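Okay, handing you the structure first.
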There are 2 protein chains.
Amino acid sequence: MRGIGVDAIAEQAGTNKMTLYRHFGSKDDLIIACLRDVAAEADEIWAEFETTYPGDPMAQLHAWVREGADCVLGDPRGCDMANAAVELAESDHPARHVIEEFKNAHRHRLAQLCRDAGIAKAALLADTLWLLLEGVRVSIQSVGVEGPCAHFISIAEAVIAAFATEPAGGQSSRLPDEASIKPRQSLPPLPATT
Amino acid sequence: MRGIGVDAIAEQAGTNKMTLYRHFGSKDDLIIACLRDVAAEADEIWAEFETTYPGDPMAQLHAWVREGADCVLGDPRGCDMANAAVELAESDHPARHVIEEFKNAHRHRLAQLCRDAGIAKAALLADTLWLLLEGVRVSIQSVGVEGPCAHFISIAEAVIAAFATEPAGGQSSRLPDEASIKPRQSLPPLPATT
DNA sequence: CCAATATGTTACAGGTCAGTAACGTCCAGT
DNA sequence: ACTGGACGTTACTGACCTGTAACATATTGG
């Protein structure tokens with residue numbers, strides 16, 4: 001963000017600085033607009049899940065995993081939102097609103113998807129998958145695609161499978177309780193992905 | 001990185017810019033020295049695991065989880081290394097060497113720990129835990145500590161437990177194979193702007 | 001064809017920042 | 001007490017960057 005100038009942005013956008021400033025009042029406004037654009041693209045992808053696998057939330061969940069892996073491999077720069085959050089850490093930048101809103105929306109959407117898929121501990125699975133993807137998208141910038149990122153699909157699918165085999169009403173579950181943050185609980189063996 | 005000046009760094013360090021420049025040839029050198037310092041601190045923590053639970057790699061692994069959670073809650077700024085990797089993305093900054101080296105060392109150390117703990121698919125467990133922690137440390141900057149980060153310990157412990165119950169020599173395992181990385185089918189990748 | 005509007009161009013003001021220079025000051029070792 | 005070296009202070013240069021002003025040129029609708 002601070003590493004690139006408005007002139008460079010304008011040139012890269014095929015226009016010039018003045019025009020940019022006539023459309024966006026300031027660089028911050030421009031950043032916000034960019035992030036909103038990223039959010040809109042993500043919304044489109046979510047919509048695609050629903051239209052491609054209508055009424056099949058589990059298939060949508062798998063599509064989410066594949067999409068996550070693809071978007072990582074196709075773009076080694078990670079998540080624009082998360083990157084912006086890192087880069088704007090010092091100031092209370094207005095764009096942080098957009099980032100927080102987007103990330104929360106994404107997280108809740110994922111949880112809803114897990115819930116619709118009949119997963120008992122939907123929120124917990126959603127958080128696990130979320131953390132894995134966020135981890136992948138940030139790791140790629142420090143250790144590259146050859147690292148742990150290469151295993152994302154296997155890991156994510158295994159985790160989904162582990163949660164899916166949980167009984168819906170299970171009080172005696174070996175999965176950690178949604179509300180508890182206590183350590184030392186166990187998960188059933190992870191099924192394979194094929 | 002670009003968001004803070006050398007003057008500010010010097011003041012925060014209780015000295016002044018000139019002295020800083022007499023010790024470090026440039027700001028980049030200073031950044032590298034800082035990151036090396038971070039790496040040294042991390043090494044100390046790893047050493048602590050070994051001295052606190054000598055000969056008990058599983059206990060060390062649990063300590064790693066707790067340490068990860070503690071270091072997240074104690075510092076909402078995430079991982080300095082990963083943050084630097086994000087912020088120095090545009091240039092091929094010399095500090096990227098340090099970051100890559102550190103992250104790889106950490107990852108391999110974690111894998112070794114899992115191996116020593118008798119985990120069958122040690123590398124895979126290590127990558128999973130690694131991704132979870134990286135995810136936590138980057139998520140905290142966009143959704144705060146109240147989000148998925150709060151479940152890190154539960155999730156990590158559950159994953160360890162799942163891997164620990166795997167038979168050592170299991171060919172018939174339901175965990176994904178260490179080497180297998182499925183060829184992916186592609187969806188339109190996300191373009192992005194800054 | 002002719003306004004009205006959007007875009008391009010150049011130049012500039014004001015600010016921040018990395019890095020340097022010159023000079024002053026403190027302090028330990030001898 | 002002297003001296004060499006490390007630290008502090010101030011001021012400066014040059015580069016870069018955001019944002020604006022004034023003016024020139026397209027483009028579009030009526």
Side-chain angles (χ1 to χ4, degrees), chain A residues 1-41 77-100 102 141-142, chain B residues 1-40 77-102 141-142 191-194:
Chain A
M1 243 89 235
R2 292 198 185 270
I4 194 157
V6 175
D7 270 313
I9 297 173
E11 188 187 8
Q12 227 267 329
T15 178
N16 64 334
K17 188 171 66 167
M18 202 57 231
T19 304
L20 232 54
Y21 271 105
R22 277 194 272 251
H23 282 269
F24 309 94
S26 68
K27 191 183 184 182
D28 285 350
D29 286 358
L30 195 145
I31 290 172
I32 291 174
C34 278
L35 292 181
R36 279 199 212 282
D37 204 60
V38 170
E41 283 180 38
R77 264 186 20 223
C79 173
D80 293 322
M81 292 281 180
N83 289 355
V86 169
E87 232 168 323
L88 304 175
E90 60 276 313
S91 57
D92 35 356
H93 199 277
R96 295 194 70 84
H97 263 135
V98 182
I99 298 169
E100 198 176 326
F102 169 77
Q141 296 172 78
S142 51
Chain B
M1 244 83 236
R2 292 196 186 271
I4 195 158
V6 175
D7 270 313
I9 297 173
E11 187 187 7
Q12 227 266 331
T15 178
N16 64 334
K17 188 169 67 167
M18 202 56 231
T19 304
L20 232 53
Y21 270 104
R22 277 194 270 251
H23 281 269
F24 309 95
S26 69
K27 192 182 184 183
D28 285 350
D29 286 359
L30 195 146
I31 290 172
I32 292 175
C34 278
L35 293 180
R36 281 200 211 281
D37 204 60
V38 170
R77 263 184 23 222
C79 173
D80 293 325
M81 292 280 180
N83 289 354
V86 169
E87 233 167 323
L88 305 175
E90 62 277 310
S91 56
D92 33 356
H93 198 277
R96 295 192 70 83
H97 265 135
V98 182
I99 298 168
E100 200 175 325
E101 201 175 312
F102 169 77
Q141 295 172 79
S142 51
T193 41
T194 308

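What you see is a predicted model, and the numbers here were worked out from it, not measured in a lab. Letters A, B, ... mirror the listed sequences (proteins, then strands); counts begin at 1.
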Please state how far atom CG in A:D7 lies from atom C1' in C:dC12, giving the value in whole angstrom units. 13 Å

Approximate separation, where rounding is to 0.5 Å, of B:T15 OG1 and B:R22 CZ: 9.0 Å

Could you list all N or O pairs between the protein and nucleotides 7-9 of chain D that sit under 3.5 Å apart?
from, atom 1, to, atom 2, distance (Å)
D:dC7, OP2, B:H23, NE2, 3.0
D:dG8, OP2, B:T15, OG1, 2.7
D:dG8, OP2, B:N16, OD1, 3.2
D:dG8, OP2, B:T19, OG1, 2.7
D:dG8, N7, B:R22, NH2, 2.6
D:dG8, O6, B:R22, NH1, 3.4
D:dG8, O6, B:R22, NH2, 3.2

Distance col, row B:L20:CG vs B:K27:NZ, nearest 0.5 angstrom, shows 11.0 Å

When rounded to the nearest 0.5 angstrom, what distance separates CZ in B:R96 from CD in B:E101? 14.0 Å

Separation between CG (B:L30) and CD1 (B:I9), nearest 0.5 Å, reads 5.5 Å

According to salt bridge (Lys or Arg N to Asp or Glu O under 4.0 Å), who are the partners of A:D28, at least two apart in sequence or on a separate chain? none

B:D29 CG to C:dG19 P: how many Å, rounded? 9 Å

Strictly below 4.0 Å, heavy-atom distances to any atom of DNA chain C: list the hits from residues 30-38 of chain B, or just say none. none

Value for NE2 (A:H97) from CD1 (A:I99), rounded to nearest 0.5 Å, stands at 11.0 Å

Integer-rounded Å distance: D:dC17 C1' and A:E11 CD: 15 Å

So how far is it from B:M1 CE to B:L88 CG, rounded to the nearest 0.5 Å? 6.5 Å

Distance in angstrom units between B:Y21 OH and D:dT10 C1', rounded: 16 Å

Mind checking whether B:Q141 and B:N83 have side chains closer than 4.5 Å, heavy atoms only? yes

Scan B:I9 against the nucleic acid and name what it touches under 4.0 Å (heavy atoms): base, sugar-phosphate only, or nothing. nothing

Protein-nucleotide distance (B:L20, atom CG; C:dC17, atom P), rounded to Å: 15 Å

What integer distance in Å separates B:D28:CG from C:dA18:P? 10 Å

Contact summary for B:A33 and B:F24, nearest pair of heavy atoms: CB-CE2, 3.5 Å

Spacing between A:M1 atom CE and D:dC17 atom P, to the nearest angstrom: 15 Å

Could you tell me the separation between the CZ atom of A:F24 and the C1' atom of D:dT20, rounded to a whole number of Å? 18 Å

Pick the closest DNA chain D nucleotide for A:G3 and for A:G25 by heavy atoms, then say which residue is nearer the 5' end. A:G3

